[in-house]
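Here the structure is a predicted model, which means the values were calculated and not measured.
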Amino acid sequence: MKKSLLALAVLGAFAGAANAQTNVTVYGVIDAGISRETGGANGSVWNLASGVQSGNRLGFKGTEDLGGGLKANFQLENGFNVDTGTQRQGALFGRQAFVGLSGNFGAVNLGRQYNPLFLAMDSVDPFGTGLSGATTNLMVPGTVFDGQGNPDVRVNNSITYSSPNVSGFSANALYGFGEQAGDTAKGRTYALSANYANGPLAAVFAYSNTNDTAASPSSAKAWLLGGTYDFGVAKAHLAYESEKADATFGDVNVAGADFRDWMVGVSAPVGGGTVMASYIKKTDKTNNNFGAKQYAIGYTYPLSKRTNLYTSYGHITNDANANFVVSDASSGGANSVPNNGQSSNAFAVGVRHTF
C-alpha cells in the first residue's frame, strides 16, 4: 500500500474522512538504546532508554494546493516511549499540532509549535540536541516552564511566521497567547530568529521572552548567538547564550537567575560515520554557585539511509549548589539526578530507525 494511502487510512481513524486531493504523508522515528547513568543520589542505574538520539514519534503532515501559489498545510506529531509504549508530552499530538498557509510570502501556522530559540540551538549543536552531549543539558532551549522549572521546547497557542530564503537569509517569528482573562500579557511568549546559511558558513541569532505564568510564576528571557563552519575534514560549532529569569529557571530555583553559557564543539566524518564532541560552560552571574561544566563525545554510524547505530558519553561537573544531570533527546537523567555539587555521567549505545 502506498504511504499516502496508509496515512489517509490512519488519519481517517482520528478525523473520519480526508480530502482525496490533499497529499498526506505518515512518518516517524523509533529510537531505543541501553544506557548507564552514574552520579545519582541513589547510585548508578542501567536503563533500556527510549529516544536517546531523537525523540520517538509518529507523525502526519499534509499539503493541499489551493492555486495561485497558495497552499494549505498541517502537521500532527505524537511522541511516545518505545520501552513502555506510553505517551509523551501529556497529549495525543504533544510534539507538534498546527495548521496554516504557505506561499511566496513564506508560511504562517497556528497551533503547538517549536520555539525558534530551540530550532536555533538544534542547528548549531554537534549532537543535534540529542545523545549524552545535548546542549539542552545545560543551555535553555525555551522560556516556557512547567511547575518543576523544566523548559519546554514548544509553545502552545502560538502563531508562527517563517520567511522565504533570500540569498541565504531567513527568519522565524512566534507569538504565543497567554490566554489569561483580563491580562493579555500574562503568560504570553514571543520569540524570533534570524538565520544565514551560504556555503560552509551558517549563523543564527535567536531570542525568546515569556511573561509570568500560572505554572511557574516567573518571567524569563534568553538569547542565543551561534554558528557552524564546515572545513571539509571537520565542522566547527559555536554558541553563546544569555539566560535571565525572576525566579525558577531550569534546574535552578533562585530569585534573579542570571546565566551565561558558551559551547564549543566539532563534528567530523570518521570510518564511514560521524564523530562529535563538545564542551559547555555555564556561568552563574549571581555568584550563587549554580553553574556547571559539561564535556561529551559521541559517534553515529549509518547502516542504511534510514537506520543508524550510535554511542555517546557525557559528564557534568556541578558547582556547589547545582544538580544538572546528563540527559539526552528525551529520556535520560530521570533516574540519576545528583545531589547538589555532585557530578553526573551517562553512557549510551543504541539504534535509530526513521520512516
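In this structure, the side chain of Glu37 engages the main chain of Gly333 through a donor-acceptor pair within 3.5 Å. Looking only at distances, no side-chain donor or acceptor of His237 sits under 3.5 Å from a matching main-chain atom of Thr228. Although no hydrogens or angles enter the test, the distance criterion places no donor-acceptor pair under 3.5 Å between the side chain of Ser344 and the main chain of Gly39. With hydrogens and angles ignored, the 3.5 Å screen pairs a side-chain donor or acceptor of Thr311 with a backbone N or O of Ala348. No donor-acceptor distance shorter than 3.5 angstrom exists from the side chain of Asn288 to the backbone of Phe290, with no hydrogens or angles considered. Put simply, the side chain of Arg88 never gets that close to the backbone of Gly55: no donor and acceptor are under 3.5 Å apart. The backbone N or O of Lys61 lies less than 3.5 Å from no partner atom in the side chain of Tyr27, so there is not a single donor-acceptor pair. Judged by distance alone, the side chain of Ser267 and the main-chain N or O of Pro126 form no donor-acceptor pair under 3.5 Å. No side-chain donor-acceptor contact under 3.5 Å links Asn211 to the backbone of Ser219. Ser163 places a side-chain N or O within 3.5 Å of a backbone atom of Ala171 that can act as its donor or acceptor partner.
Between Thr283 and Lys285 there is a side-chain heavy-atom pair separated by less than 4.5 Å. Under the 4.5 Å side-chain criterion, counting only non-hydrogen atoms from C-beta, Asn137 is in contact with Ile316. Between Pro338 and Val325, the closest side-chain pair of non-hydrogen atoms falls below 4.5 Å. Side-chain contact between Thr300 and Met276: present, with at least one pair of heavy atoms (C-beta onward) separated by less than 4.5 Å. You'll find the side chain of Tyr310 reaches within 4.5 Å of the side chain of Arg352, heavy atoms only. Annotation: side chain of Leu131 is not in contact with side chain of Asp328 (no heavy-atom distance under 4.5 Å). Counting heavy atoms from C-beta outward, Ile159 and Val108 have side chains that approach closer than 4.5 Å. You'll find the side chain of Leu58 reaches within 4.5 Å of the side chain of Phe355, heavy atoms only.
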Could you give me the CA-CA distance, side-chain angles and deciding distance for Asn56 and Ser50, then say whether side chain to side chain donor-acceptor pair (under 3.5 Å) is met? CA-CA 7 Å; Asn56 290 292; Ser50 174; 2.9 Å; yes
For a side chain to side chain donor-acceptor pair (under 3.5 Å) check, start with the C-alpha distance between Thr38 and Ser44, then their side-chain angles and the critical distance, and finish with the verdict. CA-CA 4 Å; Thr38 60; Ser44 63; over 6 Å; no
Begin with the C-alpha distance, continue with both residues' side-chain angles, and end with the deciding distance and a verdict on side chain to side chain donor-acceptor pair (under 3.5 Å) for Asn156 and Glu179. CA-CA 10 Å; Asn156 290 331; Glu179 298 190 346; over 6 Å; no
One pair to check against side-chain contact (heavy atoms from CB on, under 4.5 Å): Phe80 and Gln87. What are the steps and the verdict? CA-CA 4 Å; Phe80 63 90; Gln87 185 172 277; 5.8 Å; no
Output, in order, the C-alpha distance, side-chain angles, deciding distance and verdict of side-chain contact (heavy atoms from CB on, under 4.5 Å) for Tyr299 and Thr274. CA-CA 6 Å; Tyr299 184 72; Thr274 301; 5.8 Å; no
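Note: Tyr279 and Trp262 have tilted aromatic rings, judged against thresholds of 30 and 60 degrees for the angle between ring planes. Ring planes of Tyr175 and Phe177: perpendicular class, angle over 60° (limits at 30 and 60°). Under the 30°/60° scheme for interplanar angles, the aromatic rings of Phe60 and Phe93 are found to stand perpendicular.
Tyr313 approaches Ser132 most closely through the heavy-atom pair C-CB, 3.8 Å. The heavy-atom pair separating Asp31 from Val52 by the smallest distance is OD1-N, 3.3 Å. In terms of heavy-atom proximity, Met121 sits nearest to Glu241 at CE-OE2, 3.6 Å.
Note on Tyr240: it does not cluster hydrophobically with Leu201, by side-chain heavy-atom contacts below 4.5 Å among ILVMFWY residues. Under the 4.5 Å side-chain heavy-atom criterion for ILVMFWY residues, no single connected hydrophobic cluster contains both Phe127 and Leu138. Cluster membership check: Phe118 does not share its hydrophobic cluster with Met139, using side-chain heavy-atom separations under 4.5 Å among Ile, Leu, Val, Met, Phe, Trp and Tyr.
Each of Arg260, Lys282, Lys221 was evaluated against Glu243; a single residue qualifies, Lys282, per the salt bridge (Lys or Arg N to Asp or Glu O under 4.0 Å) test. Residue Asn172 forms a side chain to side chain contact (heavy atoms under 4.5 Å, CB included) with just one option from Thr160, Val204, Asn195, and that option is Asn195.
From Phe98, atom CZ reaches atom OG of Ser158 across 9.5 Å, with rounding to the nearest 0.5 Å. Note that the CG atom of Leu224 and the OG atom of Ser208 stand 11.0 Å from one another [nearest 0.5 Å].
Summarising the local packing, OH of Tyr196 is surrounded by more than 12 heavy atoms from other residues, nucleotides or ligands at distances under 6.0 Å. Residue-environment remark: CG (Leu66) exceeds the threshold of 12 foreign heavy atoms within 6.0 Å. For Asn42, the CG atom is loosely surrounded, since the number of other residues' heavy atoms within 6.0 Å does not exceed 12.
For Trp46 and Phe347, the ring centers are positioned 6.0 Å apart or more. A ring-centre distance under 6.0 Å is not found for Phe205 and Tyr207.
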